[in-house]
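Throughout, protein chains are lettered first and strands after them, A, B, ... in sequence-line order, and every chain is numbered starting at 1. Quick note: numbers below take in every heavy atom, side chains included, and nothing from hydrogens, waters or symmetry partners.
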Protein chains: 2
Amino acid sequence: MSAPRTLDRTLLALADPTRRAILQRLSKGEARVTEVAQPFTMSLNAVSKHILVLERAKLVKRRKVGREHFLSYRSEPLEAATKWMDETRAFWGSRLDALERLLREENENTK
Amino acid sequence: MSAPRTLDRTLLALADPTRRAILQRLSKGEARVTEVAQPFTMSLNAVSKHILVLERAKLVKRRKVGREHFLSYRSEPLEAATKWMDETRAFWGSRLDALERLLREENENTK
DNA sequence: CTAACATTCAACCAAAAGGATGAATATATT
DNA sequence: AATATATTCATCCTTTTGGTTGAATGTTAG
């Protein structure tokens, strides 16, 4: 099993609409911090912090050219999270169907 | 587009190893609060709070029988989150491949 | 050199998260 | 009725989060 910290960071980073919007923007191509911040009403600094969260989760990579920081989207963490979710959903969802689960519950309740 | 609040709550609830462990336990069948809390070193009350977070995200349903509260896992939010992730990953990941993205970036940089 | 620009750093703040403990509530057992 | 059990409620504490503003840093342009 892979370190759960990574998954924590990925899911936490994705659990915010601002950050998802940032990622969506970056999925269309590289952009500078100011460009990324432009559509939002919040301050540039606030966006800068969101970017930091995304970087910590490795969902965004930064490339510095002079005074400009180019941000790009990295797909690996989302792929990993998707993989975890698919596997988990399969395991939690279909392996025990409703009837099986009911039987097991009854069995446990009479122990 | 579906309300982002739901997705927020689901992802936030999943972004914690304790809560994922609780869900894993419940995926094997119903359990009471005390049973769910038993494996953890933290206090019962702390677990109770985690359960509340999971309920808010509709990942856990509660059925009260006398003084006992039976908790059960609900698969719908995880299914919805998986769906969102799959779609998003497809959209962000494969629709623009590396070359396309590179061209677009160069184009944007010369505007 | 100086001015403008891109970005972060440093405080500060309010709210939420994650935990502990002790009291309260409701139900079951004797 | 008295006690034990299952669970939450109410406080309190510390850390994190998400936001603000103002200053600092580094880079480019005039």
Side-chain angles (χ1 to χ4, degrees), chain A residues 4-23 25-26 29-57 59-72 105 108-111, chain B residues 4-23 25-26 29-57 59-72 105 108-111:
Chain A
R5 287 244 180 98
T6 304
L7 189 57
D8 287 7
R9 280 198 242 269
T10 304
L11 294 176
L12 192 69
L14 292 173
D16 181 285
T18 302
R19 287 192 291 262
R20 286 197 300 270
I22 292 174
L23 288 178
R25 168 66 183 81
L26 292 180
E30 262 192 344
R32 290 177 301 123
V33 173
T34 313
E35 286 168 0
V36 165
Q38 186 266 322
F40 299 101
T41 58
M42 76 187 73
S43 74
L44 175 65
N45 282 12
V47 175
S48 183
K49 278 192 187 180
H50 280 297
I51 292 170
L52 220 85
V53 174
L54 292 168
E55 275 188 288
R56 231 188 357 165
L59 280 159
V60 161
K61 201 189 130 202
R62 185 186 302 253
R63 178 172 64 92
K64 297 184 191 174
V65 177
R67 64 183 167 182
E68 298 174 315
H69 297 198
F70 290 95
L71 306 172
S72 57
E105 279 161 16
E108 281 181 354
N109 290 347
T110 51
K111 77 171 170 208
Chain B
R5 287 240 180 102
T6 304
L7 190 56
D8 286 8
R9 281 197 241 269
T10 304
L11 294 176
L12 193 67
L14 292 173
D16 180 285
T18 302
R19 288 192 290 262
R20 287 197 300 271
I22 292 174
L23 289 178
R25 167 67 183 81
L26 292 180
E30 262 193 344
R32 290 178 301 122
V33 173
T34 313
E35 286 169 0
V36 165
Q38 185 267 322
F40 299 101
T41 59
M42 76 187 72
S43 76
L44 175 65
N45 283 12
V47 175
S48 183
K49 276 195 189 179
H50 280 298
I51 292 169
L52 219 87
V53 174
L54 292 168
E55 273 189 288
R56 233 187 357 165
L59 281 159
V60 161
K61 201 190 132 203
R62 184 186 304 251
R63 177 172 65 90
K64 297 184 193 175
V65 176
R67 64 184 166 180
E68 298 174 315
H69 297 199
F70 289 95
L71 307 172
S72 57
E105 280 160 17
E108 281 181 356
N109 290 347
T110 51
K111 76 168 170 214

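Atom-to-atom, CG of A:Leu71 to C1' of C:dT7 comes out at 11 Å; the value is rounded to the nearest Å. For A:Arg62 and C:dT7, the CZ to P distance is 9 Å, given to the nearest whole Å. One atom, CG of A:Leu44, and another, P of D:dG19, lie 13 Å apart when rounded to the nearest Å. Put simply, CE on A:Met42 is 21 Å from P on C:dC13, counting in whole angstrom units.
The side chain of A:Thr34 contributes no N or O atom lying less than 4.0 Å from OP1 or OP2 of C:dA6. Here A:Ser43 reaches the OP1 or OP2 of D:dT20: one of its side-chain N or O atoms lies under 4.0 Å away. B:His69 has no side-chain polar atom (N or O) that falls below the 4.0 Å cut-off from OP1 or OP2 of C:dA26. OP1 or OP2 of C:dG19 sits under 4.0 Å from a side-chain N or O of B:His50.
A donor and an acceptor atom never sit less than 3.5 Å apart when one is taken from the side chain of A:Asp16 and the other from the base of D:dT17. A donor and an acceptor atom sit less than 3.5 Å apart, one in the side chain of B:Arg67 and one in the base of D:dT5. For D:dG22, its base sits under 3.5 Å from the side chain of A:Asn45 at one donor and acceptor pair at least.
In this structure, B:Ala46 reaches the sugar-phosphate backbone alone: every heavy-atom distance under 4.0 Å involves primed, P, OP1 or OP2 atoms, never a base. Among the atoms of the strands shown, only primed sugar atoms or phosphate atoms (P, OP1, OP2) are found under 4.0 Å from some heavy atom of A:Leu12.
To the nearest 0.5 Å, the span separating CZ on B:Arg25 from CG on B:Leu71 amounts to 9.5 Å.
The minimum heavy-atom distance between A:Ala37 and A:Leu44, with the atom names listed, is CB-CD1, 3.5 Å.
Of the possible polar contacts, none joining the A:Arg19 side chain to the A:Leu14 backbone as a donor-acceptor pair under 3.5 Å is found.
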